[in-house]
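First the proteins, then the strands, lettered A, B, ... as listed; each starts at 1. Computed from a predicted structure; not experimentally measured.
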Amino acid sequence: MSAGTGPDLDGLPGGVQAAVEAILMVADEPVSEYRIAAALVVPVATVQRVLDRLRAEYDGRAADLGYAGTLEPRGFELRSTGAGWRIYSRSEFAPVVSAFVAEGQTARLSQAALETLAVVAYRQPVSRGRISAIRGVNVDGVVRTLVQRGLIRELERDGESGALRYGTTTLFLEKMGIGSLEELPDIAPHLPGIDQLDHYED
Amino acid sequence: MSAGTGPDLDGLPGGVQAAVEAILMVADEPVSEYRIAAALVVPVATVQRVLDRLRAEYDGRAADLGYAGTLEPRGFELRSTGAGWRIYSRSEFAPVVSAFVAEGQTARLSQAALETLAVVAYRQPVSRGRISAIRGVNVDGVVRTLVQRGLIRELERDGESGALRYGTTTLFLEKMGIGSLEELPDIAPHLPGIDQLDHYED
Amino acid sequence: MHPGELPEPSGPGGFAVRLEDFAGPFEVLLSLIAKHELDITRIALATVTDEFLRYVRALHDVGSARALDEASEFLVVAATLLDLKAARLLPRGEVEDEDDVALLEARDLLFARLLQYKAFKEVAGLLDERMRAESARLPRAVPLEPEAAAVLPELDWRTTPEQLAGIARAVLGARPGTPAEVGVDHLHGAAVTVRDEAETLVGLLEGGVPRSFRALVAGAGSTLAVVVRFLALLEMFRDAVIELSQDAPLGELTVRWTGADIGWTAERLAADGAADGTADAGGAAAGAAAGAVRGEAGTPAGVPA
């Protein structure tokens, strides 16, 4: 199955499937099937098939795998977003798992932080002045908190006003479990006509 | 199986075994069977049994598990060291894992990594939370890179907050061409008093 | 309104109001106003506020942690409603009047602002839900095993101890949140000082020939320089080294030098402390006109370009 130049996966215990698993184990960010295929020197379609199979296996979906009996779900799951594939602990075990992840566990965001984050997510690149105008309060402290949490970051300065503008980070996408900003929930149903909003220039 | 005060593991998919797996999959340092037992509120002997079983399962040792057929080994394995248990990619797959890791890595430290390294060098022992507060961004990924590069390492946990703290390594001294931390150029006159820095507790 | 009746906390929606035209949750009131189904001018905001205060007090009495949250949220919404109402109550007159057009736009803006704020609030709720659901799963992000770490490309190290110390100074010195001084690096534009501009003006006027203000600022080169030159003229007028004359309102402003015999020089502005062009050209002009802006001459002034 493997091309001549790649490692001899068929000779290894568990074959291609185990090789894909081995890579997933060391990835510390979502990985695409293309990167996996490149490392293993196997066709992307093969990797795609293996990933789908692994996901079903971890979820305990015996029927999808063609097994007659039942299959226990594993304590972890394989998830795919636009950014790629990644191993997560299964959500049901959140209460027992959180104690073991040293830091990086973030406390819940305040209502003010959430609203500011929403404005940045949907209006980026956006300056603090504009966020303030929308929220009707000073947002300096909240913006700082969001930057410290790694959820938003400073982007370029606005050409005209020179104001620093902010956008969301890949960590934000991760926390939302999405691969790109296009996957954000649609805001349109909540908004008045977009033409009205365009009055809100800084 | 679980005691009255613990989480209801039997009601969760995969039971105690999946709960242990969930912890092992995302713990970012080796964990002992005692810590797992405490978190799950089950006897240590039970955790020990589950760990042995998981290891046999990952290794594909069907006979040890009482299975009649064969079992494919997984791409990961459970290893036990003095510090505890950890899931690693299976050692046979080192070549493909290496191919994956080496691609997409650069030989130079990023500016973000250098800044974080400078903070650790001059403020050690220091926690990730505090580095984050000083740099104003999330530093989890960068700290991981520096640990992987052998330039910083985990020290003791902070007595009060329990946060892991980091310090530089002898490799760092070697790279800098100095014999000890005392030889680092003095930056004190340019800094605010240490009492002011203490605002940055995690 | 029915005095004596406590508005009831109505589930997660919270605050409800009872008015002549409307009784129900506050959220519904807002959406009716937004949809133009209820005239904002008919709502007695004071009544709404009174009811709200009683509602929050009731929450507080039962020890609900929501009291503070709800209060601050209400303040934002109430302020917007008040703006909205003020705009609606102002006489509009004929639409030909430019001021009226501006007012109408302001009203529309307020509507949009209210709606937009509500939209982001709703979406913030969605983000919260999503992130909470997501945080139940933790991604695997563990340090590389030693074998895999060994294959990382050899580190290309070029940083000297002095460079690292420089980085440390920069990072540890510039702490977020408590800047030692207000950053002005976002203000670009050449430095223009009152003293320098006064010197230029003296050069133009010294011969004794009266010149128009228009001529004096003709070579200024930027709006900022024009503003600072104007400030310099105010300073010179205060020191009685120039005379100003204007034949008719909005007519040509003529400037004449009278300071030759008292030996006035622009250096004096440095010694005295003189008006200083500040960051905002408009603000500086307004301030100077009111005689309010005092500062140190020689301080660079800048405006957003």
Could you tell me if the side chain of B/Arg108 sits less than 4.5 Å from the side chain of C/Trp157, heavy atoms only?
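SC-SC contact between C/Trp157 and B/Arg108 ruled out.
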Any side-chain heavy-atom pair from B/Ile87 and C/Arg140 closer than 4.5 angstrom?
yes
Find the one option among B/Leu109, B/Leu184, B/Ile178 whose heavy-atom pairs under 4.5 Å with chain C are most numerous.
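Sorted descending by pairs with chain C, the first entry is B/Leu109.
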With only heavy atoms counted, which part of [X] is less than 4.5 Å from chain C, the side chain, the backbone, both or neither?
X: B/Val97; value: side chain
X: B/Tyr88; value: both
X: B/Thr116; value: neither
X: B/Phe172; value: side chain

What part of C/Arg137 is in contact with chain B, defined as an atom under 4.5 angstrom from a non-hydrogen atom: side chain, backbone, both or neither?
neither
Can you name the closest pair of heavy atoms from C/Ala165 and B/Pro185 and give their distance?
CB-CB, 3.7 Å
Side-chain polar contacts of residues 12-27 of chain B - donor-acceptor pairs under 3.5 angstrom, sequence neighbours left out - could you list them?
| from | atom 1 | to | atom 2 | distance (Å) |
| --- | --- | --- | --- | --- |
| B/Gln17 | NE2 | B/Glu57 | OE1 | 3.0 |
| B/Glu21 | OE1 | A/Arg74 | NE | 3.3 |
| B/Glu21 | OE1 | A/Gly75 | N | 2.7 |
| B/Glu21 | OE2 | A/Arg74 | NE | 2.7 |
| B/Glu21 | OE2 | A/Arg74 | NH2 | 2.6 |
| B/Glu21 | OE2 | B/Tyr58 | OH | 2.7 |

Roughly how far apart are C/Arg169 CZ and B/Asp186 CG, rounded to 0.5 Å?
8.0 Å
Roughly how far, to the nearest 0.5 Å, is the CG atom of C/Leu155 from the NZ atom of B/Lys175?
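It is 5.0 Å, given to the nearest 0.5 Å.
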Between C/Ile167, C/Thr160, C/Thr159, C/Asp156, who has the most heavy-atom pairs with chain B when the cutoff is under 4.5 Å?
C/Asp156
Return each pair, listed once, that meets salt bridge (Lys or Arg N to Asp or Glu O under 4.0 Å) where at least one residue sits in residues 75-92 of chain B; pairs must be two or more places apart or across chains.
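Residue pairs passing salt bridge (Lys or Arg N to Asp or Glu O under 4.0 Å), neighbours aside: B/Asp59-B/Arg90, B/Glu77-B/Arg79, B/Glu77-B/Arg90, B/Arg79-C/Glu147.
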